[in-house]
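Treat the numbers as computed from the prediction; the structure is a model and nothing was measured. In the text below, chain A, chain B and the rest are named by the order of the sequence lines, each starting its count at 1.
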Amino acid sequence: MASSTTIPLPPRFSYPGVLRVIAIIGIFALISISLQGADISPRAFIEGLPYMWDVLKDMFPPRVDRLPNIGVLLLDTFYMAVAGTTLGVLVSFPLAICAARTTTPHGIVYQLARAGVSLARTVPDLVWALFFVVTVGIGAFAGVLTIAVDTLGFCGRFFAESIEETERSPEEALRALGAGKIAILATYILPSCTPSFINTILFSLEKAVRSSVVLGLVGAGGIGVELKVAMDTFQYDEACTIILAIFALVVVVEQISTRARRALLEEPHS
Amino acid sequence: MTNVALKQNELTEYEQSTMSSVADSPLQVFELEKRFGDQRVLQGLTLSLKAGEATALLGSNGSGKSTLLRTIPKLISPDAGSVSVLGKDVLSLKSRDLKNLRSQIGFVFQKHNLVPRLNALTNTLHGALGRTSFGRAWFHSIAPKELREQAYSCLERVDLAAHAAKQTRHLSGGQSQRVAIARALMQQPKIMLADEPVASLDPEAGEHIMQLLRSLSEHEGITLLFSTHHLEHALQYADRIVGLVKGKIVLDKPSAELDIQSLREFYGE
Ligand SMILES: Nc1ncnc2c1ncn2[C@@H]1O[C@H](COP(=O)(O)OP(=O)(O)O)[C@@H](O)[C@H]1O
Ligand SMILES: [Mg+2]
C-alpha cells in the first residue's frame, strides 16, 4: 500500500504563470496592430485583380528573341555569385578560427571577430549592395563584395560553431604528445570540420545565387537590372523570360549542390 | 648569430641530460599535491619507477589515478611537488622544451582519441608532431618518405598494417586502441602512460591490448605505468602494483608478492 510519502500524480494542466499570460496577450496585440498597420485592403486587391490578369496575359508567350543575351547575363550573374562566395569563404576561415572560443588566440580577438560576423550577417544584403554601389561604383564588383560579406556572415558563424563542437579529448591526446596549437588546428580540428564546412559552403553558394539575381535592382551587377528595366518599360513578355531564366538557374544550382553534397558527404558503402 | 648558437647549446644540453639520467629512474614524482576546490585529489604523492618496469595503478573511481597520470606530462599543473622525467624537471619546462619532453612520453587514453576522418597511417604519423614541424607529420600523402615508413612500421608492430589506409572511424574499438598505441610508438617513447586503456573494450580485445603494452615494455625497455580496474590484468601484466586511496599510496609491492585475494582486500578498505 502507498504510504503518505507517495508523490501524487502531476495534474494534467498547470496554471500558466503571470509572465506567460502577459506574453500571450502581447503576441495577440502585436498581430492585431500589424494587421491594421499594413493597410490591408480587400478592395484594393479586388480592384487590382484585372490588372494582374493583364500583366500576366502580356507575359505570355515569353519573348525569346533576346534569349542569347539573357543567357550571357545569367552566366555573368552566376560568376558573380561564385566569385563572391569564394572570396567570402576564404576570409571566413581565419575569421571563424578567431570567432570560435576553443581556437581564438585572445579574448579581445574573439569579441571583435564575433562582432564582425554578426554585423555581416544582420545587415541585409540589399543594404550592403547599396553601400558598395555608393563606394566602389555601379556594377558587378559591388555585387561580388556584397555576396562576399553575406557569405562571411553565414560561413563565419557556422564554421565557428562547427569548430567549437569538435570533441576536446583528441585534442588533449595530441597536446600530450607534444603537438602545438597550430599543429592541433591543422591535424585535428580542420580535418574533423571538413564535412560540415563543405555543407555550409554549398548552402552559402545557393544563397549567393538567389541573392545575386536581385542585387541588380540596386545597381550591383547581374541580371536583376534587366528585369527592372523590362518591368519599368512594360516589356512584360521579356520580363517573363528573365524570370523563367532566373528560376532555371536557381533550380539547377540547387540540384547540383544537393548532388555534390550527397557525393561528398555520404558514407561510402564498404 | 648568438641566438642560433644558444639554441644549439640548449639542444645538446637537453640531449645530454636525457641520456645520462635514463639509466636510473626515468620517472619520479615527489610530494605531489593537487586540489580541485576543497577536495585534495593528490596528497603528497611520491613515486619512482624503475626503467623498463611495468607498473599497475589501482584505485577506485575518484582516487586520483587520472590526475596523477595527467600531471606527468604537465597536462595538469599540481599545486605543489615536483615531477622529474628523464632527468628533466617537468614543471619548470615551457613551450618548446615541454613539447620536446612530451614527445618522449607515450600516453594512451581510455578512449583512443584518434582523428576519426583520417586514416590509420596519418593518425600514426601524428605521433611525430612533437618532434618535427607539423607540415611533415600532417598527412601521410605529403609526409617525407622516412616518416611515412616509420609510421607504417609502427602499424606493423601493432599488427594493423593491413588497415593503414582505412579511416579510423571505420575501425573497431580494439583496432582503434592499437592505432593509438602505434601513434605512441611513433613518438619513440622511453615512457608509456596508459589511463584505463582497456576499460571500453570487450574482454578479448582488452587482453590483446594488455599483451601488446606488456611486450613493448619487456622487449623495448619502455617504462610502463597503466591504471586499471582489472585486478587480473594488474597481477598478470605488471611487475609492480601501486594502490591509491584518496590520492595517497597505500599499497606498493611487486606483483609476485600479491594475489587476487589481497587485492580484493585493498579494494574492500
Ligand atoms: N578538472 C577537474 N575539476 C574538478 N574536479 C576534478 C577534475 N578532475 C578530477 N577531479 C576530481 O578529482 C578526483 C579524482 O579524479 P581522477 O583523477 O579522475 O580519479 P580516477 O581516475 O582515479 O577515477 C575526482 O573526485 C574528480 O571528481
Ligand atoms: Mg580516471
Side-chain angles (χ1 to χ4, degrees), chain A residues 89 93-94 96-98 100-106 155 158-202 260-270, chain B residues 66 69-70 72-76 93 95-119 122-139 143 166-170 176 180 183-189 192-193 195:
Chain A
V89 166
F93 281 120
I97 288 168
C98 295
R101 227 167 299 125
T102 47
T103 51
T104 192
H106 194 275
C155 289
F158 287 107
F159 285 2
E161 270 180 18
S162 135
I163 289 173
E164 285 181 353
E165 278 164 14
T166 50
E167 239 193 300
R168 303 313 301 275
S169 51
E171 203 180 314
E172 189 185 29
L174 291 173
R175 202 148 44 85
L177 60 79
K181 275 191 173 175
I182 293 175
I184 291 172
L185 193 65
T187 56
Y188 168 56
I189 294 177
L190 295 184
S192 302
C193 292
T194 307
S196 139
F197 285 173
I198 290 174
N199 202 14
T200 306
I201 292 170
L202 288 173
R261 189 174 287 122
R262 223 177 276 153
L264 291 170
L265 303 182
E266 247 171 38
E267 299 286 314
H269 300 285
S270 67
Chain B
S66 299
L69 290 169
R70 282 194 160 90
I72 294 167
K74 207 184 171 184
L75 293 172
I76 293 179
L93 294 180
S95 62
R96 188 66 250 163
D97 288 336
L98 180 61
K99 283 176 197 159
N100 217 326
L101 185 92
R102 281 176 176 170
S103 77
Q104 301 180 63
I105 308 174
F107 203 138
V108 178
F109 295 82
Q110 176 178 339
K111 260 200 74 217
H112 51 76
N113 289 345
L114 301 170
V115 183
R117 302 197 74 91
L118 299 179
N119 68 25
T122 296
N123 269 286
T124 307
L125 188 66
H126 287 171
L129 282 172
R131 60 178 156 99
T132 184
S133 65
F134 83 80
R136 291 161 54 83
W138 193 355
F139 287 116
K166 239 191 195 172
Q167 290 194 3
T168 52
R169 65 198 165 116
H170 298 309
S176 299
R183 179 170 70 180
L185 288 175
M186 186 69 186
Q187 296 175 242
Q188 304 166 333
M192 185 89 90
L193 308 175
D195 194 1

Per-residue tally against chain A (heavy atom, under 4.5 Å) across F109(B), F139(B), F107(B) peaks at F109(B)
Could you state the interatomic distance from OG1 (T102(A)) to CD (E165(A)), rounded to the nearest 0.5 Å? 10.0 Å
Max heavy-atom pairs within cutoff under 4.5 Å with chain A, candidates K74(B), Q167(B), R131(B), R183(B), goes to R183(B)
Let me know if L114(B) has heavy atoms under 4.5 Å from chain A in its side chain, its backbone, both or neither. backbone
Does anything in residues 186-196 of chain A get under 4.5 Å of chain B by heavy atoms, and if so which residues? A186(A), T187(A), Y188(A), P191(A), S192(A), P195(A)
Over 60° means perpendicular and under 30° means parallel, so tell me whether F197(A) and F93(A) are parallel, tilted or perpendicular. perpendicular
Please determine whether the number of non-hydrogen atoms from other residues, nucleotides or ligands lying under 6.0 Å from atom CZ of R96(B) exceeds 12. yes
With a 4.0 Å cut-off, would you call E167(A) and K111(B) a salt bridge? yes
Without swapping roles, check the side chain of T132(B) against the backbone of L129(B) for a donor-acceptor pair under 3.5 Å. no
Can you find a heavy atom in the side chain of V115(B) that is under 4.5 Å from one in the side chain of T122(B)? no
L174(A) versus chain B, the contacting section by heavy-atom distance below 4.5 Å: side chain
Return yes if some donor-acceptor pair links the side-chain N/O of N113(B) with the main-chain N/O of E172(A) below 3.5 Å, else return no. no
Is I105(B) close to L193(B) at the side-chain level, that is, under 4.5 Å between some pair of heavy atoms? yes
Pair count under 4.5 Å, heavy atoms only, with chain B: among A179(A), A176(A), A183(A), highest is A176(A)
